[in-house]
2 protein chains.
Amino acid sequence: MCIFYTYQGLPQGSLQKMQYCYDYPRPAVTTDIVVFTLRNERLSVLLIRRARDPYAGYWALPGGFVEPDETLEQGALRELQEETGLTQVYLEQLYTFGEPQRDPRGRVISVAYLALAPQEVLQPVAASDAAALDWFEEEHLPEMAFDHRDILALARARLRAKLNYSTLAFKLLPETFTFHELQRVYEIIGEQVLDKRNFRKFIRSLNVLQETGETRRNGAHKPALLYRLASSAGIYHDRQGTQ
Amino acid sequence: MCIFYTYQGLPQGSLQKMQYCYDYPRPAVTTDIVVFTLRNERLSVLLIRRARDPYAGYWALPGGFVEPDETLEQGALRELQEETGLTQVYLEQLYTFGEPQRDPRGRVISVAYLALAPQEVLQPVAASDAAALDWFEEEHLPEMAFDHRDILALARARLRAKLNYSTLAFKLLPETFTFHELQRVYEIIGEQVLDKRNFRKFIRSLNVLQETGETRRNGAHKPALLYRLASSAGIYHDRQGTQ
DNA sequence: TCATGAATGTGTATTTTTTACACTTATCAA
DNA sequence: TTGATAAGTGTAAAAAATACACATTCATGA
């Protein structure tokens, strides 16, 4: 398969436009990345405004075609870097979307990824082509291209579902953080307020916190202890895994 | 994209072998299906013996190329039907495998599915090309082709992890079943023995059982009541989702 | 310097859930 | 009629989750 075909009899234009030929039709394969972060105490997703048809003017998830020699995850990371400048994100595979009609240009199968990062890491976004990139909160999503709204919805649901049996929440915080900041992550994603003492008990039972010894002064009150995620802590995937 | 290219100047052989040409290289996309069932109180997986290279003589998961006008799930079901005769199975997407080197013939991205069915539904397998198809227990797996061993391992882990927050176990039983049969499913997949009374409490708390009113006589003892999964019962995906 | 305001940090009692555990019942076969 | 076998049931103890209130530390300003 995967033959690089150079038939000399083809007109010059055709040669450059259609070099890759196969016995059977093949779908295009892309990655789409749902990047979540917390901004102003709101869960926000990074979208790109499409310049061209189809869906010109609509907003889309970052992503693009998978290249021949990269893994799917590498492809997702590369596209994210190229389109948004982001490099330091946590990434996990979400689901693969393959409805035949999901892209009007033809068959495109997309492997969707869920990405999480603290806002601090995401400053590069501001440096990019600002007009075409923006963060959106759940309640104020723009019109989205393709089936990207569905992908986003699944990512949101997955994030919420995994909160209680994973350490995903920590991926939305900088390296060191206070107990209260961590609690806010759980509250915002879970959309419910939590009792301070019970929350601390819950986190401690995970056995993944490490004291830094540092504190943070934050105003006219007692300073908060700073913690980090212990290096021994895994991600607790799937209660093992994915869905 | 996805152009049907018919350049008349090509030699006859080439025309039939390479009709589909694209601007950029595209991976092939396949589905692979991990079909689990319970046979003789053992969790077993359906494999196909490969006749050709690569991996001639090795065993592989059923699956194959996704066609242009079918969804990924339809592709998985079609391949399963073509290769094994199975039609009535529960199917859910597992994970997408895309290591560049996973198939020596070239770039092949595989969307893996987890399938479950009661043994009763799986009789067609016997009718198929018997030499090339077989069921294997976990402890006696043959040498497997490609990365299919990894796919199988992930499916096994997912199945076990989802037992306690889904109704997947029911998909391994016929329409009506006894409490004890259901308990055996949990015990076999979870690899632990369970207390009869606590198990019954647990299942009842799910609120998905419907009495049929029938009983099953099974030997020199009290007959067991038969139940079915209530039609109102969902799958309890993901605590919503996948990983 | 002292009083106030504001967020940090801690423990216990109650409720709920999970676990451990043993005997009676219905049927078949001898 | 008796014995063997799997079905079916309830309660007490332990563990986990929940509800709930006050003392501590610091900054600020009177």
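Note on naming: letters A, B, ... go to the chains in the order of the sequence lines (proteins, then strands), and numbering restarts at 1 for each one. Every heavy atom of this structure was used, including side-chain atoms; hydrogens, water molecules and symmetry mates were not.
The salt bridge (Lys or Arg N to Asp or Glu O under 4.0 Å) test applied to Arg39(B) returns no partner, not counting sequence neighbours. With sequence neighbours left out, Glu99(A) forms a side-chain contact (heavy atoms from CB on, under 4.5 Å) with Arg102(A), Thr71(B). Every residue two or more places apart in sequence or in another chain that forms a side-chain contact (heavy atoms from CB on, under 4.5 Å) with Ala169(A) is listed here: Leu163(A), Leu182(A), Val185(A), Tyr186(A). With sequence neighbours excluded, no residue satisfies salt bridge (Lys or Arg N to Asp or Glu O under 4.0 Å) with Glu73(B). Arg197(A) meets the side-chain contact (heavy atoms from CB on, under 4.5 Å) test with Asp195(A); sequence neighbours excluded. Under the ring-ring contact (aromatic ring centres under 6.0 Å, His included) criterion, Phe136(A) pairs with Trp59(A), sequence neighbours left out. For His180(B), the side-chain contact (heavy atoms from CB on, under 4.5 Å) criterion is met by Thr178(B), Arg184(B), not counting sequence neighbours. For Phe177(A), the ring-ring contact (aromatic ring centres under 6.0 Å, His included) criterion is met by Phe170(A), not counting sequence neighbours. For the side-chain hydrogen bond (donor to acceptor under 3.5 Å, both in side chains) test, no residue two or more places apart in sequence or in another chain qualifies with Gln88(A).
Less than 4.0 Å separates DNA chain D from at least one heavy atom of each of the following residues of residues 215-225 of chain B: Ala220(B), His221(B), Lys222(B), Pro223(B), Ala224(B), Leu225(B). Using a 4.0 Å cut-off on heavy atoms, the residues of residues 183-201 of chain B that approach DNA chain C are Asp195(B), Arg197(B), Asn198(B), Lys201(B), listed by number.
We find that Glu92(A) and Lys171(A) are not joined by a salt bridge, their nearest charged nitrogen and carboxylate oxygen being 4.0 Å or further apart.
Atom NE2 of His180(B) is separated from atom P of dT25(C) by 22 Å (rounded to the nearest Å).
Running 5' to 3' along DNA chain D, contacts with non-hydrogen atoms of chain A at under 4.0 Å begin and end at dT18(D) to dA27(D).
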